[in-house]
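Worth saying up front: this structure is predicted, and the values here are computed from it rather than measured. Below, chains carry the letters A, B, ... as their sequence lines are ordered, and counting in each starts from 1. We use all heavy atoms of the structure for the numbers below, so side chains are in, but hydrogens, waters and symmetry mates are not.
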Amino acid sequence: MERFAVPAPTLARRMLGWRLVSEAGGGRTSGRVIETEAYLGPDDPASHAATRAGRTRRNASMFEGGGTAYLYFTYGMHWCFNVAAGAPGEPGAVLVRALEPLEGREVMVDRRGRSRDLVSGPARLCQAMGLDGTHDGHRLDGPPLWMEAGDAPDEGQVGVSGRVGIRRAERWPLRYFIEGHPDLSDGKAAPADPRTLPPELRWIHRPNRSVRRSASTTESA
DNA sequence: GTCCGGATATTCT
DNA sequence: GAATATCCGGACC
């Protein structure tokens with residue numbers, strides 16, 4: 001679980017290529033992570049951890065330390081899956097926005113009621129993999145939901161943009177994706193503009209840099 | 001292909 | 001009362 005104990009932007013970049021495996025709801029499904037978004041703590045106005053109240057019942061899992069699942073319900077009907085980042089007590093999370101389907105395609109089609117766009121979007125992938133609020137707070141080191149290392153994309157394949165579906169801090173460079181992948185979500189993202197970051201967050205412009213010093217294997221050169 | 005409205009719960013103002 | 005880390009179906013081009 002130590003691999004999750006890094007800041008959210010670093011984890012979001014690093015998770016590209018990892019596999020998410022679910023045995024939730026019966027039937028094994030899995031997919032390769034191809035699109036993520038980082039959400040920070042109180043300094044990030046778009047984060048659920050930015051509220052004046054700080055820790056609330058909904059966002060508690062964002063404070064539980066790297067590797068904790070954070071699932072929230074939105075728009076009255078959709079679940080979204082995040083992975084908490086960093087150290088316990090320091091809020092931050094990575095929203096998983098899209099996967100490339102690997103295992104359990106038939107189960108996904110059955111749950112989704114259609115055969116395309118199975119896991120291309122944060123709410124779609126929760127539906128396809130049987131994820132909901134019962135998995136909030138689960139530690140991602142075993143059944144029914146966990147992550148495995150996978151093929152890291154080449155540096156040149158990684159795209160960066162603003163985050164999808166938000167108004168505040170919309171040009172912060174916190175969405176990471178495998179460039180040109182056919183299974184990306186179809187949300188519209190503003191182009192990234194690192195100049196809109198407050199000075200203390202400028203390191204986010206290249207989150208992989210800060211990883212490399214301590215990273216072991218999965219980072220490509 | 002693009003655009004728009006509706007569904008609907010929780011949180012925050 | 002308004003906004004929301006969304007998706008879907010139908011209208012229209």
Side-chain angles (χ1 to χ4, degrees), chain A residues 7-13 15-16 20 31 33-64 66 68-86 91-99 101 108-137 140 159-177 182-193 196-197 201 204 207:
Chain A
T10 305
L11 181 60
R13 164 65 184 81
M15 274 171 48
L16 293 178
L20 177 65
V33 177
I34 60 168
E35 181 180 348
T36 60
E37 278 177 5
Y39 287 86
L40 314 178
D43 296 334
D44 178 359
S47 172
H48 288 168
T51 64
R52 203 186 53 200
R55 181 175 175 139
T56 64
R57 185 142 107 245
R58 176 173 69 156
N59 67 21
S61 294
M62 289 184 74
F63 293 74
E64 292 297 311
T68 303
Y70 168 44
L71 286 104
Y72 67 90
F73 192 59
T74 192
Y75 289 101
M77 61 184 83
H78 299 302
W79 289 98
C80 293
F81 167 73
N82 303 249
V83 181
V94 176
L95 173 69
V96 180
R97 288 196 55 86
L99 308 171
M108 293 179 178
V109 170
D110 189 48
R111 286 177 177 150
R112 292 273 298 126
R114 67 199 68 236
S115 52
R116 13 166 321 203
D117 296 331
L118 295 175
V119 284
S120 298
R124 290 167 176 166
L125 77 86
C126 281
Q127 185 183 19
M129 301 187 82
L131 306 181
D132 59 30
T134 63
H135 307 102
D136 182 46
L140 295 167
V160 182
S161 78
R163 293 171 291 186
V164 174
I166 60 168
R167 304 282 313 256
R168 293 164 292 199
E170 70 169 341
R171 293 171 111 81
W172 289 13
L174 292 176
R175 171 174 171 260
Y176 306 91
F177 55 97
D183 294 321
L184 293 172
S185 76
D186 46 31
K188 294 182 182 72
D193 184 357
T196 63
L197 287 167
L201 296 180
I204 289 171

Q: How would you label the contact of A:R175 with the nucleic acid (heavy atoms, under 4.0 Å): base, sugar-phosphate, or nothing?
A: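 Answer is nothing: A:R175 stays at 4.0 Å or more from every strand.
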Q: Could you tell me the separation between the CG atom of A:N59 and the C1' atom of C:dT4, rounded to a whole number of Å?
A: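 It is 15 Å, rounded to the nearest whole Å.
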Q: Do A:T196 and A:R171 get their side chains close enough for a donor-acceptor pair, meaning under 3.5 Å?
A: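 Per modelled atom types, A:T196 and A:R171 side chains form no pair under 3.5 Å.
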Q: Between A:S120 and A:R167, which has a closest nucleotide on DNA chain C that is more 5'?
A: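 On the 5' side of the pair lies A:R167.
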Q: Does a side-chain N or O of A:H48 approach OP1 or OP2 of B:dT11 to a distance below 4.0 Å, or not?
A: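 No, outside the criterion.
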Q: For the residue pair A:L71 and A:C80, establish whether any side-chain heavy-atom pair is separated by less than 4.5 Å.
A: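 No, side chains not in contact.
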Q: Checking all strands, does A:Y39 fall into the base, sugar-phosphate, or nothing category for heavy-atom contacts under 4.0 angstrom?
A: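 Counting heavy atoms under 4.0 Å across all strands, the contact made by A:Y39 includes a base.
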Q: With a 3.5 Å limit on both atom pairs, tell me what B:dT8 is paired to, counting Watson-Crick and G-U wobble, or say none.
A: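 The base-pairing partner of B:dT8, which may sit in any strand shown, does not exist here.
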Q: Whole angstroms only, please: what is the CG-P distance between A:L71 and B:dT10?
A: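 After rounding, the reported distance stands at 15 Å.
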Q: Can you tell me whether the side chain of A:Y75 and the base of B:dA9 have a donor-acceptor pair closer than 3.5 Å?
A: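 Absent.
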Q: Find the distance A:L125:CG to C:dT6:P and express it as a whole number of Å.
A: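 My rounded result for the distance is 12 Å.
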Q: Have a look at A:A123 and say if it touches a base, only the backbone sugar-phosphate, or nothing, with a 4.0 Å heavy-atom cut-off.
A: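 Counting heavy atoms under 4.0 Å across all strands, the contact made by A:A123 is with sugar-phosphate only.
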Q: Can you label the angle between the A:Y72 ring and the A:H48 ring as parallel, tilted or perpendicular, going by 30° and 60°?
A: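 Judged by the thresholds at 30° and 60°, the geometry between A:Y72 and A:H48 is perpendicular.
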Q: For the side chain of A:R124, starting at C-beta, report the closest nucleotide among B:dA7, C:dT6, C:dC8.
A: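 Looking only at heavy atoms from C-beta outward on A:R124, the closest nucleotide is C:dC8.
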Q: For the pair made of CG in A:L95 and P in C:dT4, what is the distance, rounded to whole Å?
A: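 Those two atoms, CG and P, are 16 Å apart.
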Q: Looking for any heavy atom pair under 4.0 Å, which part of the strands does A:R57 touch: base, sugar-phosphate only, or nothing?
A: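 Result for A:R57 = nothing.
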Q: So if I take every side-chain heavy atom of A:R168 and compare against C:dT6, B:dC12, C:dT4, which nucleotide ends up nearest?
A: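 Side chain of A:R168 sits closest to C:dT4.
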Q: Here's a test of your reading of the structure: between A:A46 and A:R112, which maps to the more 5' nucleotide of DNA chain C?
A: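 It is A:A46, whose closest nucleotide lies nearer the 5' terminus.
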Q: Just how far, in rounded Å, is P of C:dC7 from CH2 of A:W79?
A: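 Going from A:W79 (CH2) to C:dC7 (P), I get 15 Å.
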Q: What's the verdict on side chain to side chain donor-acceptor pair (under 3.5 Å) for A:Q127 and A:R112, showing C-alpha distance, side-chain angles and the deciding distance?
A: CA-CA 7 Å; A:Q127 185 183 19; A:R112 292 273 298 126; 2.7 Å; yes
Q: Any carboxylate oxygen within less than 4.0 angstrom of a Lys/Arg side-chain nitrogen, looking at A:R163 and A:E170?
A: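 Looking at A:E170 together with A:R163, the answer is no, because their closest N to O distance does not fall below 4.0 Å.
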Q: Check every strand shown and say whether A:D117 touches a base, only sugar-phosphate, or nothing at a heavy-atom separation below 4.0 Å.
A: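 If one applies the 4.0 Å heavy-atom cut-off, A:D117 turns out to touch nothing in the nucleic acid.
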Q: Atom CG of A:D186 to atom C1' of C:dA5: distance rounded to whole Å?
A: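 For the pair A:D186 CG and C:dA5 C1', the rounded distance is 15 Å.
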Q: So, is A:R58 close to the B:dC12 phosphate, meaning a side-chain N or O under 4.0 Å from OP1 or OP2?
A: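 So the side chain of A:R58 is outside the cut-off, no N or O lying under 4.0 Å from OP1 or OP2 of B:dC12.
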Q: What do the steps show when you test A:R124 against A:D186 for salt bridge (charged side-chain N to carboxylate O under 4.0 Å, His left out), and what is the final call?
A: CA-CA 12 Å; A:R124 290 167 176 166; A:D186 46 31; 3.7 Å; yes
Q: Specify the separation, in whole Å, of atom CZ of A:F73 and atom P of C:dT4.
A: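 Taking CZ of A:F73 and P of C:dT4, I get 18 Å after rounding.
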Q: Please state the C1' separation for the pair B:dC3 and C:dA5 - nearest whole angstrom.
A: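 Between the two C1' atoms, the distance is 22 Å.
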Q: C:dC7 C1' sits how many Å from A:F81 CZ, rounded?
A: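 Between C1' of C:dC7 and CZ of A:F81: 20 Å.
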